[in-house]
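Lettering follows sequence order; numbering is per chain, from 1.
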Number of protein chains: 2
Amino acid sequence: MQHHAPPQDTSDNGQDSPRDAHLLDALVTAAFIVMAAITRIGAEHDLSLSLMRVLGILWDRRLRMTDLADYLGLEKQTMSGLIARAEKRGLVARAPSREDRRATDVHLTESGALLVAELRRQGQTALRPVIAGLGPEDRRHLADLLQAMIAGRAG
Amino acid sequence: MQHHAPPQDTSDNGQDSPRDAHLLDALVTAAFIVMAAITRIGAEHDLSLSLMRVLGILWDRRLRMTDLADYLGLEKQTMSGLIARAEKRGLVARAPSREDRRATDVHLTESGALLVAELRRQGQTALRPVIAGLGPEDRRHLADLLQAMIAGRAG
DNA sequence: TATTGTTATACTCTATAACTATA
DNA sequence: TATAGTTATAGAGTATAACAATA
């Protein structure tokens, strides 16, 4: 999908401009580049994207199974398996909630926290070459525009 | 990972600046937003990211199994299964290569080509709200900067 | 009754290993 | 011998369905 720009049919839309199509293609290409780097780093540590997201969310929080599942848009059964495997590896721990005896809180272990810190370091190292071709001025502009896009997006 | 900015240790690196860290965080957040949209559209059609990439690559090409696997960074056995399932669904077809009798060429069926066209339409529709908050000037700048980044990246 | 979480089951995606056919 | 592809097998990630314990 990100490897080429096949002939496009945009005539039936009315809202599209060729300029926007270029921007959208660039966004998709950039997204694949960034995700490839993140996925590769995860693979080196035997971590799926979902598990990396779970660990990242738990960095400064302690959450219930259901909240975690909602956060990632997964079913609670899926989260059960994900957390069970992560717990077996010593990355997270479960503890019964004191507010609701049906609920289970999940938190990072010390080992899990160390791993998250390491992942962040490796992520920055891996992504730095991606922006290596831009000068300081362009980097500032790109950061501003992306943040405006993120903050202002509809849907 | 994309949901917050935990305290970072960048002191051991020497190459990092706080500004770059902001840019890298914005790139990651934007990548997750874009991939979420793409993944959701794929899920609506029962397509994994890998299968979407395969179909996209085959849009204007006919490739061997091994080339496809190399393109996606997967093992050839994995590609065998992926293509077998896609073929069963009528999205792609296999044909023996005439140059090398060991090899198998894969190409889109008509149904597969229609699906790719539809995916591209839906992708553009889904991503348009993401850039809705930016004016025409900002869109042009963002497209230029992303393209410069993509073209100029190291690694 | 409704909610929280787990277990049972099935399918996709991925990999390693072993195999067949061709080069 | 090396390469192209498939099949066999195993494990992670995902979902639907059924269940237990608690609210």
### Query
Does I131(B) offer a backbone N or O that forms a donor-acceptor pair with the side chain of R153(A) under 3.5 Å?
no

### Message
Taking R94(B)'s backbone N and O only, do any of them form a donor-acceptor pair with E87(B)'s side chain (distance below 3.5 Å, no angle check)?
### Response
yes

From the list [options], which nucleotide is the closest neighbour of the side chain of [X]?
X       : options                   : result
D100(A) : dA4(D), dA23(D), dT14(C)  : dA23(D)
R94(B)  : dG13(D), dT6(D), dG5(D)   : dT6(D)
R64(A)  : dG5(C), dA23(D), dA15(C)  : dG5(C)
Q77(B)  : dA15(D), dG13(D), dT16(C) : dT16(C)
T66(B)  : dA23(D), dA4(D), dG13(D)  : dA4(D)
M65(B)  : dC13(C), dT6(D), dT6(C)   : dT6(D)

Round to the nearest Å and state the distance from [X] atom [atom1] to [N] atom [atom2].
X      : N       : atom1 : atom2 : result
D46(A) : dT14(C) : CG    : P     : 15 Å
E75(A) : dC11(C) : CD    : C1'   : 15 Å
L82(B) : dA15(C) : CG    : P     : 11 Å
L72(B) : dT14(C) : CG    : P     : 8 Å
R98(B) : dA4(D)  : CZ    : C1'   : 18 Å
M52(B) : dC13(C) : CE    : C1'   : 14 Å
L49(A) : dC13(C) : CG    : P     : 16 Å
L47(B) : dC11(C) : CG    : P     : 18 Å

### Message
For a quick check, tell me whether the side chain of R102(A) and the base of dT3(C) share a donor-acceptor pair closer than 3.5 Å.
### Response
yes

### Query
With side chains defined as the heavy atoms from C-beta onward, is the minimum distance between L58(B) and V116(B) less than 4.5 Å?
no

### Message
Does any part of the side chain of L74(B), heavy atoms only, come nearer than 4.5 Å to the side chain of L68(B), both counted from C-beta?
### Response
no

## Note on the structure
On DNA chain D, more 5' by nearest nucleotide between T104(B) and K76(A) is T104(B)

## Note on the structure
Closest to the 5' end of DNA chain D, once S48(A) and A103(B) are matched to their nearest nucleotides, is A103(B)

### Query
Would you call R128(A) and D20(B) a salt bridge, taking side-chain N to carboxylate O under 4.0 Å as the test?
no

Is there a side-chain polar atom (N or O) of [X] under 4.0 Å from OP1 or OP2 of [N]?
X       : N       : value
S80(A)  : dT6(C)  : yes
R101(A) : dT4(C)  : no
S97(B)  : dA4(D)  : no
T78(A)  : dG13(D) : no

### Query
Under 4.0 angstrom, heavy atoms only, what part of the nucleic acid is L51(A) near: base, sugar-phosphate, or nothing?
nothing

### Message
Quick check for you: to the nearest 0.5 Å, what is the distance between T39(B) atom OG1 and L47(B) atom CG?
### Response
11.0 Å

